Number of protein chains: 2
Amino acid sequence: MPDRPAGGQPRVSQAKARLLRVLGHPVRVSILELLRDGERTVGDLQQALGLEASSTSQHLSALRSLDVLESRREGTNVYYRIKDPRTTDLLETARKIITTSLEDSQSLLAQLNDREATED
Amino acid sequence: MPDRPAGGQPRVSQAKARLLRVLGHPVRVSILELLRDGERTVGDLQQALGLEASSTSQHLSALRSLDVLESRREGTNVYYRIKDPRTTDLLETARKIITTSLEDSQSLLAQLNDREATED
DNA sequence: GTAGGATCTTCAATGGTTTGAATATTCTAA
DNA sequence: TTAGAATATTCAAACCATTGAAGATCCTAC
């Protein structure tokens, strides 16, 4: 079994990319944030997201097909939950990276403004 | 300033999604893996990736535009490096999630095979 | 200083993939 | 069987990746 399939990049890179890509959508990020504190029904999620039922279901199924979510049925409702808690950590890390990056540009901006005020 | 822009999902979710999506491509995952141990030139990366120069440059620029990478020029070469080390952590977390998920399906498969061998 | 070569980036066109919305279908509980 | 809920399918529009050509930028050597 070759490490590098026809595509070009190694299998492991491809697997990571698949996971990150499925997480890389605003609706799906919102879903994970909603599920951070525990399971919820599809109808509940749909309402919180402000989406059509069909669209909600499609995003949920994308996440489940990569094993990010799992579901159980109870009567007429289906409950979804996050399968691996490290998925939440991953999103939290993403948040930290973004925050740092924004803080850096903020402080750069402040420096530029200071300089403008004092120079010449 | 509204939390929820016209798009639908909150700004924060959108920002996270942008970051995760730019990381969600096999070539860009490979780039980050190559840069894990330190900076490298574009030509070096290009060769390791097996890509066209222009394609390499565009992936690098996508990563830089979201502040994932930074670069410096030295003579005719440009060196790229990872800006925030937590980006590496994020990829590592992704790897762990995938590994666990694969192990789970492996053991499920093993159970199925055992049952097949002993039943009837 | 300027011609040539090397490295990297940008641009525009193409082909492919993903998304969103609407509709149809399946599933479940009563 | 019927209503309600969830999922699957479809198709047009938006988006992304790749390619090749042209454009910068910098070094070296004459």
Side-chain angles (χ1 to χ4, degrees), chain A residues 5-9 13-32 34-35 39-81, chain B residues 4-9 13-32 34-35 39-66 68-81:
Chain A
Q9 302 314 308
S13 307
Q14 293 199 359
K16 290 185 199 170
R18 259 197 307 278
L19 175 62
L20 293 170
R21 159 166 286 187
V22 83
L23 300 180
H25 187 288
V27 169
R28 296 193 286 265
V29 169
S30 293
I31 288 174
L32 293 169
L34 288 167
L35 293 177
E39 64 179 11
R40 284 177 179 247
T41 68
V42 174
D44 189 8
L45 289 168
Q46 179 201 337
Q47 195 168 5
L49 295 165
L51 290 183
E52 294 294 321
S54 75
S55 171
T56 306
S57 180
Q58 282 176 111
H59 286 294
L60 288 170
S61 123
L63 288 167
R64 193 177 47 183
S65 79
L66 286 192
D67 245 18
V68 175
L69 301 182
E70 56 191 354
S71 63
R72 70 183 177 87
R73 174 177 282 275
E74 187 177 305
T76 155
N77 290 327
V78 174
Y79 289 81
Y80 275 85
R81 64 177 170 280
Chain B
R4 275 171 189 274
Q9 302 314 308
S13 306
Q14 294 200 359
K16 290 185 199 171
R18 259 198 307 279
L19 175 62
L20 292 170
R21 159 161 291 190
V22 83
L23 300 179
H25 187 288
V27 167
R28 295 192 287 263
V29 169
S30 293
I31 288 174
L32 292 169
L34 289 166
L35 292 178
E39 64 178 12
R40 283 178 180 246
T41 68
V42 175
D44 189 9
L45 290 168
Q46 180 199 340
Q47 194 167 7
L49 295 165
L51 292 183
E52 295 292 323
S54 99
S55 177
T56 305
S57 181
Q58 282 173 117
H59 283 296
L60 289 170
S61 134
L63 288 167
R64 193 177 46 184
S65 79
L66 286 192
V68 175
L69 301 183
E70 55 191 356
S71 64
R72 70 184 176 87
R73 176 179 276 274
E74 188 176 303
T76 131
N77 291 324
V78 175
Y79 289 82
Y80 276 84
R81 63 177 169 280

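To find a chain, count down the sequence lines: A is the first, B the second, and so on, and within it residues start at 1. Since we're looking at a predicted model, the values are computed, not measured.
Here the C1' atom of nucleotide dA6(D) and the CD atom of Glu70(A) are 18 Å apart, to the nearest Å. Atom C1' of nucleotide dT9(C) and atom CG of Leu45(B) are separated by 15 Å, given to the nearest angstrom. Taking atom CG on Leu23(B) and atom C1' on dA17(D), their separation rounds to 17 Å, with Å as the unit. Going from atom CG of Leu20(B) over to atom P of dC16(D) covers 14 Å, rounded to whole Å. As rounded to whole Å, 14 Å separates atom P of dC16(D) from atom CG of Leu63(B). Rounded to whole Å, atom P of dA6(D) lies 12 Å from atom CZ of Arg64(A). Rounded to a whole Å, the CG atom of Leu49(B) is 15 Å from the C1' atom of dC8(C). With rounding to whole Å, Gln46(B) atom CD is found 12 Å from dA6(C) atom C1'.
Contact check for Val42(B) versus Asn77(B): no side-chain heavy atoms found under the 4.5 Å cut-off.
Residue Tyr80(A) is classed as a sugar-phosphate contact, given heavy-atom separations below 4.0 Å to backbone atoms only.
Among the candidates Leu45(A), Val22(A), Ile31(A), the single residue satisfying the side-chain contact (heavy atoms from CB on, under 4.5 Å) test with His59(A) is Ile31(A).
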Reading nucleotides 19-30 of chain D from 5' to 3' and marking B where a protein heavy atom lies under 4.0 Å of the base, S where only the sugar-phosphate is that close, and - otherwise, the string is BBB----SS---
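Considering all non-hydrogen atoms of both residues, Gln14(B) and Pro26(A) come closest at CG-CB, 4.0 Å. Nearest heavy atoms, Arg28(B) versus Arg21(B): NH2-O, 3.8 Å. Residues Leu49(A) and Val27(A) come closest through the heavy atom pair CD2-O, 4.2 Å. Residues Gly24(B) and Leu20(A) share a closest heavy-atom pair of CA-CB, 3.8 Å.
When the nearest nucleotides of DNA chain D are assigned to Arg21(A) and Leu60(A) by heavy-atom distance, the more 5′-ward of the two goes with Leu60(A).
Each end of the helix from dG1(C)-dC30(D) to dA30(C)-dT1(D) gets its own axis, taken as the rotation carrying the C1' atoms of four end pairs onto the next four within a five-pair window, and the two axes meet at 30° to the nearest 10 degrees.
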With side chain to side chain contact (heavy atoms under 4.5 Å, CB included) as the criterion, how do Leu34(A) and Asp44(A) come out once you've worked through the C-alpha distance, each side chain's angles and the decisive distance to 0.1 Å? CA-CA 10 Å; Leu34(A) 288 167; Asp44(A) 189 8; over 6 Å; no
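Checking side-chain atoms of Ser65(B) against main-chain N and O of Ala62(B) turns up a donor-acceptor pair under 3.5 Å.
If you check dA6(D), dT19(C), dT9(C) against the side chain of Ser57(B), the one that comes closest is dT9(C). If you check dG20(C), dT19(C), dC8(C) against the side chain of His59(A), the one that comes closest is dG20(C).
The phosphate of dC15(D) (OP1 or OP2) has no side-chain N or O of His25(B) nearer than 4.0 angstrom. For the pair Asn77(B) and dC8(C), the criterion of a side-chain N or O lying under 4.0 Å from OP1 or OP2 is met.
By the 4.0 Å N-to-carboxylate-O rule, Arg72(B) lies too far from Glu70(B) to be salt-bridged with it.
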